[in-house]
Amino acid sequence: MNDILYYLVFFAVLTAAAWPLGGWVAHVFEAGSEGVLKPFRPIEHYLVRFTGARSGDEMDWKQWVGAVMILSVVKIVVVFLLLAFQDKIPFQKLINPQHFPGVPWELALNTAVSFVTNTNWQNYGGEATLSYFSQMGVLTVQNFLSAAVGIAVMAALFRGIARRETHALGNFWVDLVRINIYILLPLSIVGALVLVSQGVIQSFAPYQSFLTLSGAKEVLPFGPVASQEWIKNLGTNGGGFFNANAAHPFENPTAFTNFLQTFSILLLPTSFVFAFGRVVGDQRQSWAIYGVMVVLFTCFVVPTYLAETSPPVHAVAGIDWSAGNLEGKETRFGIAPSVLFSTATTATSCGATDATLDSFTPVGGMMPLLLMQVGEVVFGGVGSGMYSMIAMILLTVFVGGLMVGRTPEYLGKKIESFDMKMTVLTVTITPFLILCGTAIATLWHGVPSNMNNPVPHGFTEILYAFSSMANNNGSAFAGLNGNTAFWNIAGAITMFIGRYGVIVPILALAGNLAGKKLNAPSLGTLPTYNVTFAILLIFFVFLVAALNFIPSLALGPIAEFFL
Amino acid sequence: MKSKAVFTKELLWDALSQTFVKLKPSVQVKNPVMFAVWIGSILTTVFWVVSLFGATDTGTGSGFILAVAVWLWVTVLFANFSEALAEGRGKAQASELRKTRGEVQSLRLKLPSWDSHSETVGSSALRKGDLILVEAGTLIPADGEIVLGAASVDESAVTGESAPVIREAGGDRSSVTGGTKVLSDRLIVRVSADPGQGFLDRMIALVEGSERKKTPNEVALTILLIALTLIFLVVTATLLPFSQYAVAQSGTGKVVSLTSLVALFVCLAPTTISALLSTVGIAGMNRLSAVNVLATSGRAVEAAGDVDVLLLDKTGTITLGNRMAHEFLGAPQVEISELAKAAYLASWADETPEGRSIVTLAKRQFHIPSPSFDGKDHKAIPFSAQTRMSGLDWNGSTYRKGALSAIEAWVSSLGGRFPDQVRDLTESAARSGATPLVVARDAQVLGIVVLKDIVKQGIRERFAALRQVGIKTIMITGDNAMTAATIAAEAGVDDFLADAKPEDKLALIRKYQAEGHMVAMTGDGTNDAPALAQADVAVAMNSGTQAAKEAGNMVDLDSNPTKLTEVVLVGKQMLITRGSLTTFSIANDIAKYFAILPAMFLVTYPGLAALNIMHLSSPSSAILSAVIFNALIIPTLIPLALKGVAYKAQSAIYLLRKNLLIYGLGGLALPFVGIKLIDILLTGKV
């Protein structure tokens, strides 16, 4: 009963906060530094000039692709170099008190791609590998920028849908600056301070040595955690300061911070749903999408919760299961919040964790896996969730629209063959990556023998890893040694294609939609804001995921469940 | 040409032979999804041949491989058959039309005059621009425009309508169609198309399907289907390494057989909709030609489904052709019967439909006997532009009827006075949208006859149904706004354009298109051509001019403008059929997973038997049942693809709910039942 209340309160708080924030986001997209933001205009103009753009210049979709790709490739190179040579940067005493050596190139490449693509897959333990500067000055910066890139691409798609007969989708550089200074930074500053008040550390002091009660000598890692912690969740990045991520007490000390972190993971993705309605001038669209997301989310939370609170009795003999499956969970959070956190973090492309999924029951572990495999459309990553959801909607509209006797259209825009090409590209690229990646991994010399768990659990771990990387989630099932040449390089490729293989067609879609004329709605038009359409959309989300992944799930968690 | 029975024996035989001809790779490659199935069939056949020589496909028996191979071939053949059947129906219709296009002799002229030198040539020798003379009783050898003369023409060969029509030089009825017959008088015609290039020739070729191009929506849908096929290819192909991994790691079981992987792939690929997609398209055009509308392209039929504004000419579409006498309103102290009698006499010689309707009304209401005219005591006064009246001089009295101003002038010229009450009556009649005609006997004004447009029966209900579908109807009329408003209200149209000139039509279409509407219209005149060209769906009347027909994207052989609404419904039905079959096809896959996956992996993970919720007898019968179901569903749905999903004019949301329930949920559930039944039939075990 208390658990249900926990979920209800959580969603009430989330909705109440996301609704006004959505309005604010729409204002930033549409009006920029007009109105209340006028005082910040000089800062914005200065930063925009720094990128070489001018606020008034708008870009077409090809220019957007160019700008996004240039920025991303440059960032990957820079991050790679900074990590590989973290021991060569000046002021070592201050920024690298533990004197960590340079990161090996394969790991540095993987990490660079991982953070630039908003994946934050971590093949390293933060506190044992990275200097304070690498954590704060390199990776945390990417947490902001990669989130902003996703949001900017989404803004371009919003404009493509809302505008008509134009090529202009706004200016990428201007959006990038505005999203950072008007949305991400203010929220992060407030959030980080709240976290500090709860006991999250923010320190440049060297690691502290101490004697344990049993007399062993241990080292307690320190670091600038709070500044990274909040944006890691807010920007659905997920890369923790510590290896244990949000299960570590310095990252996530109390039940309250745990609530707050779950909230901050879902905050922006939810507010973008509401921003969409404002931008296209029809709030009903937002409510329908939000409703679909909440229903889908519930569909995943409930089985996970049931599986974790009352696992199958036969699982392991001789263990008291009356309190549920507490293995791998922090008792200071409890099962319900851990389930909510795990679901939220995989529903969005965050990937932070406060519990070990590897120790979840088969069903409990399959749900987060499925959530990624539905294409990160249940709230999803910042920006990416909403643009992937729109692609999913276009797919639904295409088939549903035919069923009402018209050639399909969405919000007045006809969905034609070019749009369909781009839509199916975005929808199929991740399943393609996941399945092919998993297949290669199972065939790769040395990968299967390096697994810590036997089949089918080991298979689930591989499948989970590729699902996480291809969807730019970054959460790990654990139980898999990721820091090998194969995983580092295969991961980097998967994350790169998983990110830009979707962004490029989304931008093309935005450009093509913007060029279309607007069709007037009539009684004969398929409405995309009512319950029937919502059900159809849910049906399609499940259908697409089921068709793609039932066979591989059957060989992983399903086989394990029936073992 | 009227529609024929759906299937004849001959048609089926033709389709059957085409089914095998279409196995050619060059034909298969046009339908990528079925092409993939075709390759799968070849692969499994090769597996079977190889298995005969002892190299078995991971332990599967050659009997099983053969069975799968055979059913995959059957799947391909079913797809071929459905397309061949639809094409066959088109060809049958086309050959009906083509019968009218035989070689006929014709007289070619040098100059466009009756006494020009002429020579006899065959119709195939005629070229565009030639002048020909067509005498009464002969066939018109080619499409053309009348340069000289007027004649009654029997167009039943093209339209199926036996009543002859008048065709004359100049104006909007100047075009003639090759294959039609001149009944009376003679014509000089300028040929407008080379042999085989005539308007109907091109139309026939389209109906036949030989020139069929994929419509834009079909292209988009094909992209989706190809993407699905590719992803299913990946899903099934990756199962091989997954299975190898599972077997190697667990040390038990057997790696999946290639035959079962191919079977799984074919079952998952959207074969149902891919096999029927072109059938649906061809059938849509066939349904149109069955109601005597020929579309220049499938694109036009598709656009018809999208139309949300219909421009309808008032006359002939909304109202019966002409105004009819509605009632008599007498002047003060005048008996209505007296007025009716005078109106009767004034119209006695008036042969216009309006005049006839006055006679009919007077007869019906007052049983006025036909006047007996003996000798030369009567004189008919025809309508003239100067007097703007018509009437009759009889028995020493003059009877006249005409517009208010004309009768007023006439009465005052005779020294009479025009009563104010009658003036009021005419004004109020005009206000209500009717046309008042004033009737006078000598210098006395007797009253007025009210003429009204008669709205066609059932048209109101038809417009209400269109409104349900979200289609706006707009009446176009040359009448003044007041008259137009009355008829608009009576007919239940959503809007009207009064005092319309042809250029207003064009402007109106542009305005609606700019607002994001798709506009359909009908037209026949040359001055309609720009509007027809601008409209998204333009149905030209076959009786109309060549220019109008060229500008439109459909031709109605019956020249019945009301048919526009049917065209729209056929377009919608075609799209619904396409969408429903797609949903059905994709939803089918879930059940196939439950049949095939446990069968494939049972030996590795015995626990997966729990997924065999249909309790299929054995792994091989499970896989075979799914493949057979997948094949059989194609011919089962051919009638649906040909006839189209049942469609009634309803709102989008109602249609979505209904079709989602039938084809979405039905598509999920049906294969569970079907596969189970086939399994029982195959093995005899429940």
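Numbers restart at 1 for each chain; the letters A, B, ... are given by sequence-line order, proteins then strands.
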Quick one: of [options], who has the most non-hydrogen atom pairs under 4.5 Å with chain A?
options: B:Ile586, B:Leu228, B:Thr236; answer: B:Ile586
options: B:Thr583, B:Leu581, B:Thr222, B:Val645; answer: B:Thr583
options: B:Gly664, B:Ala652, B:Gly607; answer: B:Ala652
options: B:Ala237, B:Pro606, B:Gly516; answer: B:Gly516
options: B:Ala303, B:Ser243, B:Ala220, B:Ala610; answer: B:Ala220

For A:Thr528, enumerate each residue passing the side chain to side chain donor-acceptor pair (under 3.5 Å) test, keeping only those at least two apart in sequence or located in another chain. A:Gln285
To check you understand the geometry: which heavy-atom pair defines the closest contact between [X] and [Y], and what is its length?
X: B:Ile653; Y: A:Pro527; answer: CD1-CG, 3.7 Å
X: A:Cys436; Y: B:Val234; answer: SG-CG1, 3.8 Å
X: B:Leu597; Y: A:Ala554; answer: CD1-CB, 4.4 Å
X: B:Thr238; Y: A:Ala439; answer: CG2-CB, 3.7 Å
X: A:Leu435; Y: B:Phe242; answer: O-CZ, 3.8 Å

Checking heavy atoms, do the side chain of [X], its backbone, both or neither come under 4.5 Å from chain B?
X: A:Thr423; value: neither
X: A:Thr525; value: backbone
X: A:Lys517; value: side chain
X: A:Ile440; value: neither
X: A:Phe539; value: side chain
X: A:Asn530; value: side chain
X: A:Leu526; value: both

Relative to chain A, which segment of [X] carries a heavy atom at a distance below 4.5 Å: side chain, backbone, both, or neither?
X: B:Leu240; answer: neither
X: B:Ala514; answer: backbone
X: B:Leu668; answer: side chain
X: B:Tyr512; answer: neither
X: B:Gln650; answer: neither

State, with a plain yes or no, whether a side-chain heavy atom of [X] is found less than 4.5 Å away from one of [Y].
X: A:Leu443; Y: B:Gln244; result: yes
X: A:Thr438; Y: B:Pro241; result: no
X: A:Met403; Y: B:Leu655; result: no
X: B:Val469; Y: A:Leu523; result: no
X: B:Leu239; Y: A:Leu555; result: yes
X: B:Leu656; Y: A:Leu536; result: yes
X: A:Val404; Y: B:Tyr654; result: no
X: A:Leu395; Y: B:Leu224; result: yes

Is there a side chain to side chain donor-acceptor pair (under 3.5 Å) between A:Thr407 and B:Asp306 once you walk through the steps? CA-CA 6 Å; A:Thr407 59; B:Asp306 283 345; 2.3 Å; yes
Name the orientation class of the two ring planes belonging to A:Phe459 and B:Tyr245 (parallel below 30°, tilted from 30 to 60°, perpendicular beyond 60°). tilted
Matching residue for A:Arg406 among B:Lys572, B:Glu302, B:Met518 - test: side chain to side chain contact (heavy atoms under 4.5 Å, CB included):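 Going through B:Lys572, B:Glu302, B:Met518 one by one, the side chain to side chain contact (heavy atoms under 4.5 Å, CB included) with A:Arg406 is satisfied by B:Lys572 alone.
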Once rounded to the nearest 0.5 Å, what's the spacing between atom CZ of A:Phe398 and atom CD1 of B:Ile223? 8.0 Å
Taking atom CG of A:Leu402 and atom OG1 of B:Thr577, what is their separation to the nearest 0.5 Å?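 If I round to the nearest 0.5 Å, the distance is 10.0 Å.
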Mind running side-chain contact (heavy atoms from CB on, under 4.5 Å) on A:Phe432 and B:Leu230 for me, showing each step along the way? CA-CA 9 Å; A:Phe432 183 83; B:Leu230 283 178; over 6 Å; no
If you count heavy-atom pairs under 4.5 Å between each of A:Pro431, A:Pro551, A:Gly524 and chain B, which one has the most? A:Pro551
What residue in A:Lys414, A:Glu416, A:Met420, A:Arg164 has the most heavy-atom pairs under 4.5 Å with chain B?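 Maximum pair count with chain B is reached by A:Met420.
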Between B:Asp308 and A:Ser522, does any side-chain donor sit less than 3.5 Å from a side-chain acceptor?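 Looking only at side-chain atoms, A:Ser522 and B:Asp308 do not form any donor-acceptor pair under 3.5 Å.
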Heavy atoms under 4.5 Å from chain A: which residues of residues 588-596 of chain B carry them?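 Listed by number: B:Asp589, B:Ile590, B:Tyr593.
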Using distance only, find each side-chain donor-acceptor pair of residues 556-563 of chain A under 3.5 Å and give its atom names and separation, not counting sequence neighbours.
residue  : atom : partner  : partner atom : Å
A:Glu560 : OE1  : A:His457 : ND1          : 3.2
A:Glu560 : OE2  : A:His457 : ND1          : 2.9

Can you pull out every salt bridge (charged side-chain N to carboxylate O under 4.0 Å, His left out) where at least one residue sits in residues 465-474 of chain B? Sequence neighbours excluded, please. B:Arg467-B:Asp494
